[in-house]
Amino acid sequence: MIPRFTFSLLVAAFAAFAAFASPALAHPHVWVTAKAELVYDSEGRVTGIRHAWTFDKGYSAFMTQGLDRNGDGKLTPDELQDLAKENTESLAEFAYFTVLKGNGRKQDFDAPRDYSMTYGDEALTLVYLLPLKAPAAAKTLSLEVYDPTYFVSFALAEGDAVALAGPAPQGCAINISRPKNADQPVQAQAQPLSEAFFETLTAASTYGIQFANKAIVACP
């Protein structure tokens, strides 16, 4: 039987595992290398974000325990589809770790779709489309990806981590900024924080915003 976990349950379970394995282990516990595509319609409006998140090898191994149904030593997209569905849908609790603003106005998201998972090089990659509730016609867009609780550390991939898909306006420029302190362990910061502090954080917390990856898209 395939274990069915939501993302939040996986995080909780992995937190317990990490604490048992290494009590001194500080946040973050999970690392994600992220890519994103802003999807445009024929009128030059943004209609959604296509995320691609690759999890670190340790977390990927934890997530995939017992999922090789036919025992052939390989994990196929079909074997991972239930996990992709459960975890993508449960991301609503964290607002999909995504903040998109059009001309400074925060955009609302609809239910995700087109989700899938693949496994390669000992790492899981989750891909899904996050539609906007209403298309955004904006000359300036800002996209932030981060976990407010900093249990998960997001890092934009090198190179073209953020791209424009569909009939985007001509001449748009993309500027990416990465957090300066993302590589500094929590325990090495000027004021070290305990695990007890992180246990109080919720999806509404603002602590993780300092580790946000941000992309600005400016169109003529």
Of all heavy-atom pairs between [X] and [Y], which one has the smallest distance, and what is that distance?
X	Y	answer
Ala111	Pro131	O-CD, 3.3 Å
Lys106	Lys101	CA-CG, 3.9 Å
Asp147	Phe154	N-CD1, 4.0 Å
Lys139	Pro220	CE-O, 3.9 Å
Ala52	Val127	CB-CG2, 4.0 Å

Same apolar cluster: [X] and [Y], side chain cutoff 4.5 Å:
X	Y	value
Leu129	Tyr40	no
Phe211	Ile216	no
Leu141	Phe97	yes
Ile176	Val39	no

Report the distance from atom [atom1] of [X] to atom [atom2] of [Y], rounding to the nearest 0.5 Å.
X	Y	atom1	atom2	answer
Ser142	Arg105	OG	CZ	13.5 Å
Arg113	Glu89	CZ	CD	13.5 Å
Leu83	Leu126	CG	CG	8.5 Å
Leu75	Leu67	CG	CG	6.5 Å
Arg69	Leu80	CZ	CG	8.5 Å
Asn213	Leu156	CG	CG	4.0 Å

For Ala123, the side chain to side chain contact (heavy atoms under 4.5 Å, CB included) test, sequence neighbours excluded, returns Thr54, Ser60
Members besides Val99 in its Ile/Leu/Val/Met/Phe/Trp/Tyr cluster (side-chain heavy atoms under 4.5 Å):
Tyr146, Ile209
Check whether any side-chain N or O of [X] sits under 3.5 Å from a backbone N or O of [Y] as a donor-acceptor pair, and report yes or no.
X	Y	result
Asp41	Thr47	no
Gln107	Leu100	no
Glu79	Thr76	yes
Asp56	Trp31	yes
Asp82	Glu86	no
Thr33	Ala157	no

Any [X] side-chain heavy atom under 4.5 Å of [Y] side chain:
X	Y	answer
Ile49	Leu38	yes
Pro112	Leu91	no
Val32	Ser153	no
Gln81	Ser116	yes
Gln210	Pro179	no

Sequence neighbours excluded - ring pair (Phe, Tyr, Trp, His ring centres under 6.0 Å) pairs with any residue from residues 103-135
His51-Tyr128, Trp53-Tyr128
Passes side chain to side chain contact (heavy atoms under 4.5 Å, CB included), Leu143 versus Val217? Steps please.
CA-CA 8 Å; Leu143 171 66; Val217 180; over 6 Å; no
More than 12 non-hydrogen atoms from neighbouring residues, nucleotides or ligands closer than 6.0 Å to CG on Asp121, yes or no?
no
Would Val46 and Leu164 count as a side chain to side chain contact (heavy atoms under 4.5 Å, CB included) here? Give the steps.
CA-CA 9 Å; Val46 174; Leu164 309 184; over 6 Å; no
Using 30° and 60° as the class limits, which term best fits the ring planes of Tyr59 and Phe55: parallel, tilted or perpendicular?
tilted
